[in-house]
Structures are given as structure tokens and as C-alpha cells.
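Heavy-atom basis, side chains included; hydrogens, waters and symmetry copies ignored. In the text below, chain A, chain B and the rest are named by the order of the sequence lines, each starting its count at 1.
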Amino acid sequence: EPEVTQTPSHQVTQMGQEVILRCVPISNHLYFYWYRQILGQKVEFLVSFYNNEISEKSEIFDDQFSVERPDGSNFTLKIRSTKLEDSAMYFCASSGTGVGLNYGYTFGSGTRLTVV
Amino acid sequence: GIQVEQSPPDLILQEGANSTLRCNFSDSVNNLQWFHQNPWGQLINLFYIPSGTKQNGRLSATTVATERYSLLYISSSQTTDSGVYFCAVDTGFQKLVFGTGTRLLVSP
């Protein structure tokens, strides 16, 4: 079964540093997403990406965050200057092989980010 | 925005027991999925089920879209079923909204 691959699985960074989380979505999917989960809480939507641009973003996704699809396979989330409250599990997901979300979302295994 | 509520919040079972988890949502949905989050934090997709009934081994799910709820059935539970079960819905705006989850502990 096709998978969404995320790297690294764990990252520890100092407050104020930039981090880039990487994802390889399923190859024929058209929609890409980042979600996050603070420890013990529910999974929250950050941003969706389609046709090389952001299609929707949440209030969490402020100017400190950016997404990019630098080539035909990778999808990245950059946090410009990390804060302690950015510590969370970050999930990448992809969906859709056509118009409409008829096939569900597939999630990666997550990157656990710890800001110290 | 859409509200997604799950019940019960916590559930403790003996191995071999059956259980039913419920997900209520406040608006029409295009997509509903059930996920199992294992102890390592991974989100495992169990069912894509915007309507109807599906079965996969000991697990089955039913969504009654007109009444805005979905049920996940776990039969003959095993210790490996422990974790958090999330229901998530999509109203067609390119994002999943997750419920708060049901934390399941299956003891031997």
C-alpha cells in the first residue's frame, strides 16, 4: 500500500532556530497537508496545499510557518524561529487523485519536534 | 465550524471483550475517517467511511450520514488494540477536523 514518508522521525532544536520538516506524499495525490498534535491533545489542521499554492490555513499557521514543494516529490514545512510551544508531533498527509476528496487522507508517521 | 464529539473519552476493557465507540458531528460531511493512534504516535487509517458499513477483520464501522454519527465496533479486543481512536471529518473545505478521541486500554 502506498505510504506518506516523513523525515526525520524525531528532531530536537534550540528555541529560535529554524527547522524544516520533510515529507514525500503519495505520488499520484494532488492535495497535501500538515497537521500537528501537541502531546495529549487532538490533531489540529495547519495548512493545505494544492496546485503549488496554499489553499487553506488555520490561525496557527502564522508568518513563522511556510510550506514548499521544491520538486516533484517533496513537501516541506519550515518553522522560521521555533518557540517552546511549537513542540508537538507534526503529521504530513496527502489525498485525492482527482477533483474532490473521494479517497480519504493518508497520514505519514509523524515528526516529533522538541524545542528546548 | 463543524464540531466533532467522541464518546466515551476513556475505555478500559479486558482482552476478548467487545466495544463500541461513537462519533457525533454537527454538519453534513463529505468524508469521515477512523484512525488508531498507536503508542508510538503513528496515525493508522482504519476506515474511510462517509456513509454505510465496512468491515475489516475484528473491526467494523457504520456511518449514518443523515443522523450525523458514526460507530466503530471492536470485537474480541486484544492488547494491541490499545491506543487512541480518532474520528475525523471533512466538510469539503480541504481539511479534516478531528474529534478529541477515545483512549482505549485493553488489559490481558
Side-chain angles (χ1 to χ4, degrees), chain A residues 1-6 9-10 23 26 29-51 53-61 67 87-97 99-114, chain B residues 1-10 21 23-25 28-52 54 56-57 61 63 65 70 72 83-105:
Chain A
E1 190 170 326
E3 290 184 344
V4 173
T5 305
Q6 288 188 245
S9 55
H10 295 87
C23 170
I26 292 173
H29 280 183
L30 301 177
Y31 301 85
F32 314 117
Y33 312 86
W34 286 99
Y35 289 76
R36 81 169 186 191
Q37 184 183 32
I38 294 170
L39 188 64
Q41 298 186 20
K42 66 178 181 178
V43 180
E44 301 174 288
F45 169 78
L46 289 179
V47 65
S48 59
F49 192 86
Y50 170 71
N51 201 25
E53 62 182 23
I54 291 173
S55 52
E56 187 163 349
K57 60 183 181 179
S58 71
E59 313 80 56
I60 304 167
F61 194 88
V67 290
S87 295
M89 179 78 100
Y90 288 80
F91 292 101
C92 175
S94 67
S95 71
T97 58
V99 175
L101 296 168
N102 296 322
Y103 301 92
Y105 294 69
T106 301
F107 279 74
S109 297
T111 293
R112 189 172 298 282
L113 177 66
T114 303
Chain B
I2 191 168
Q3 304 297 313
V4 183
E5 297 180 358
Q6 292 186 243
S7 60
D10 295 281
L21 282 57
C23 171
N24 291 331
F25 43 96
S28 301
V29 298
N30 285 358
N31 174 22
L32 187 146
Q33 287 181 251
W34 283 97
F35 294 92
H36 175 216
Q37 187 165 40
N38 64 22
W40 296 271
Q42 296 172 323
L43 280 173
I44 310 300
N45 184 27
L46 298 176
F47 293 103
Y48 164 74
I49 186 165
S51 63
K54 290 186 178 179
N56 185 5
T63 298
S70 184
L72 177 69
V84 183
Y85 289 81
F86 288 105
C87 162
V89 301
D90 174 6
T91 58
F93 292 100
Q94 309 294 321
K95 68 178 183 184
L96 277 179
V97 176
F98 280 75
T100 49
T102 292
R103 187 174 303 272
L104 174 65
L105 176 64

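Among A:Lys42, A:Gln41, A:Glu44, the residue making the largest number of heavy-atom pairs under 4.5 Å with chain B is A:Lys42.
The shortest distance between side-chain heavy atoms of A:Phe107 and B:Gln42 does not fall below 4.5 Å. In this structure, the side chains of B:Leu96 and A:Tyr33 stay at 4.5 Å or more apart for every pair of heavy atoms.
Across A:Phe91 and B:Gln37, no two heavy atoms sit closer than the pair CZ-NE2, 3.7 Å.
The OG atom of A:Ser95 lies 14.5 Å from the NZ atom of B:Lys95; values are rounded to the nearest 0.5 Å.
Side-chain atoms of B:Gln33 come within 3.5 Å of backbone N or O of A:Tyr105 as a donor-acceptor pair.
No part of B:Phe47 comes within reach of chain A, as not one of its non-hydrogen atoms sits under 4.5 angstrom from that chain. For A:Gln37, the part lying near chain B is the side chain, with the backbone staying farther off; criterion is any non-hydrogen pair under 4.5 Å.
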